[in-house]
Amino acid sequence: MKLGDYLPPENIVLDLAPPSKAILIKQLSILAAERLALDAGEIVRVLTNRETLGSTGIGAGIAIPHANVKGLDRHFCLFARLAKPVDFEAVDDEPVDLVFLLLNPENRPDHLNILSCIARRVREEETAAAIRRVTTPQDVYSRLCPLNA
């Protein structure tokens with residue numbers, strides 16, 4: 001499985017500047033809703049419900065908010081690098097600045113493979129450092145989705 005199969009270059013957003021986790025989830029939901037022609041409020045609702053089960057902040061400044069969305073026919077991934085880290089109630093209590101949004105069709109358990117793929121790729125220290133310093137979405141994409149990975 002390759003991350004590039006799920007994360008197209010146009011779904012990379014740099015320097016998003018939310019003041020809080022709640023606003024970040026709302027901003028990501030709006031971006032996703034625009035691309036998917038779905039209701040942003042419903043996306044906010046399912047993501048917020050998922051976060052009440054436990055933070056999707058996996059540590060090292062990384063979060064992977066994810067949820068199943070009714071009416072979605074394919075997996076949707078979006079990456080956002082934040083201008084300033086926000087508290088995401090992550091497992092290591094560190095603020096988050098690298099965020100992958102993953103929305104999944106209902107009744108599709110294969111999203112766990114995608115989550116694992118994202119986590120493996122971004123937990124590589126060299127990759128995380130590179131995507132924190134590069135300046136364009138295409139540069140981020142080439143670090144996250146190299147041709148041979």
Side-chain angles (χ1 to χ4, degrees), residues 1-124 127-128 131-132 134 136-145 149:
M1 176 177 290
K2 294 182 179 180
L3 182 53
D5 294 340
Y6 300 96
L7 178 65
E10 62 270 15
N11 284 0
I12 294 175
V13 179
L14 301 184
D15 302 322
L16 204 58
S20 67
K21 177 180 178 177
I23 300 292
L24 171 60
I25 288 173
K26 184 175 182 181
Q27 288 175 343
L28 294 173
S29 297
I30 290 168
L31 290 170
E34 290 169 353
R35 287 164 170 82
L36 295 167
L38 293 174
D39 178 53
E42 176 62 12
I43 297 171
V44 169
R45 186 187 70 73
V46 297
L47 288 171
T48 301
N49 286 347
R50 169 57 189 87
E51 288 297 317
T52 63
L53 300 175
S55 177
T56 56
I58 64 171
I62 302 159
I64 312 174
H66 58 280
N68 297 337
V69 178
K70 189 174 184 175
L72 196 60
D73 62 353
R74 61 181 161 60
H75 296 286
F76 174 84
C77 188
L78 183 140
F79 169 78
R81 184 181 70 193
L82 307 184
K84 187 174 120 182
V86 298
D87 179 18
F88 209 86
E89 302 164 349
V91 296
D92 63 357
D93 292 322
E94 293 296 319
V96 163
D97 65 338
L98 304 178
V99 183
F100 289 85
L101 172 67
L102 180 61
L103 302 177
N104 308 296
E106 291 184 311
N107 303 315
R108 291 270 306 269
D110 58 334
H111 75 279
L112 297 175
N113 293 331
I114 302 168
L115 284 171
S116 177
C117 179
I118 292 168
R120 271 194 315 272
R121 187 73 188 123
V122 79
R123 292 293 299 242
E124 296 171 5
T127 300
I131 61 178
R132 284 184 169 110
V134 297
T136 69
Q138 187 57 47
D139 287 338
V140 170
Y141 184 81
S142 68
R143 298 324 190 279
L144 287 173
C145 307

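In this chain, numbering begins with 1 at the start of the sequence shown. Note: hydrogens, waters and symmetry copies are ignored here, and every other heavy atom, side chains too, is used.
- In plain terms, the two heavy atoms of Asp39 and Ala33 that are nearest each other are C-CB, 4.1 Å.
- Annotation: side chain of Val13 is not in contact with side chain of Phe79 (no heavy-atom distance under 4.5 Å).
- With rounding to the nearest 0.5 Å, the separation of CG in Asp5 from NE2 in His75 is 11.5 Å.
- Using a distance-only test at 3.5 Å, with no hydrogens or angles considered, no donor-acceptor pair links the side chain of Thr127 to the main chain of Val122.
- How far CD1 of Ile58 is from CZ of Arg123: 5.0 Å, rounded to the nearest 0.5 Å.
- Here the closest non-hydrogen pair linking Gly59 and Ala90 is N-CB, 4.3 Å.
- Here the CZ-CZ distance, from Arg143 to Arg132, works out to 14.5 Å after rounding to the nearest 0.5 Å.
- Closest approach of Ser20 to Val86, counting heavy atoms only: N-CG1, 4.2 Å.
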Check the pair Ile64, Leu115 against side-chain contact (heavy atoms from CB on, under 4.5 Å), reporting the backbone distance first and the verdict last.
CA-CA 8 Å; Ile64 312 174; Leu115 284 171; 3.4 Å; yes
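- Remark: the Asn49 side chain and the Thr52 side chain contain no N/O donor-acceptor pair separated by less than 3.5 Å.
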Let me see the working for Leu82 and Asp15 under side-chain contact (heavy atoms from CB on, under 4.5 Å), right down to the final yes or no. CA-CA 5 Å; Leu82 307 184; Asp15 302 322; over 6 Å; no
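- Here the CZ atom belonging to Arg35 is positioned 11.5 Å from the CG atom belonging to Leu103, to the nearest 0.5 angstrom.
- If you take SG on Cys77 and CG on Asn11, they are separated by 7.5 Å, rounding to the nearest 0.5 Å.
- Here the side chains of Pro65 and Leu47 are in contact, with some heavy-atom distance below 4.5 Å.
- Minimum heavy-atom separation, Leu101 to Ala32: CD2-CB, 3.8 Å.
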Q.
Test side-chain contact (heavy atoms from CB on, under 4.5 Å) on Phe100 and Leu144; report intermediate values, then the result.
A. CA-CA 11 Å; Phe100 289 85; Leu144 287 173; 3.8 Å; yes
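- A 4.5 Å side-chain heavy-atom check between Phe88 and Pro95 finds every atom pair outside the cut-off.
- Without hydrogens or angle criteria, Glu51 side chain to Thr56 main chain gives a donor-acceptor distance under 3.5 Å.
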* Given Lys70 and Leu38, is the side-chain contact (heavy atoms from CB on, under 4.5 Å) satisfied, shown in steps? -> CA-CA 10 Å; Lys70 189 174 184 175; Leu38 293 174; over 6 Å; no
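- Contact record, Gln27 with Pro18: OE1-CB, 3.3 Å, taken as the closest heavy-atom pair.
- Closest approach of Lys2 to Cys117, counting heavy atoms only: C-SG, 4.1 Å.
- Between Ile114 and Leu102, the closest side-chain pair of non-hydrogen atoms falls below 4.5 Å.
- At distances below 3.5 Å, not a single donor-acceptor pair connects side-chain atoms of Asn104 with backbone N or O atoms of Val69.
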Margin query: Is there a salt bridge (Lys or Arg N to Asp or Glu O under 4.0 Å) between Arg81 and Asp97? Walk through the geometry before answering.
Written below: CA-CA 6 Å; Arg81 184 181 70 193; Asp97 65 338; over 6 Å; no
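- To the nearest 0.5 angstrom, Glu124 atom CD is 10.0 Å from Ile131 atom CD1.
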Discussion item. If you apply the rule side-chain hydrogen bond (donor to acceptor under 3.5 Å, both in side chains), what do you find for Asp139 with Ser142, and how did you get there?
Written reply: CA-CA 5 Å; Asp139 287 338; Ser142 68; 4.7 Å; no
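- By the 4.0 Å N-to-carboxylate-O rule, Asp87 lies too far from Lys21 to be salt-bridged with it.
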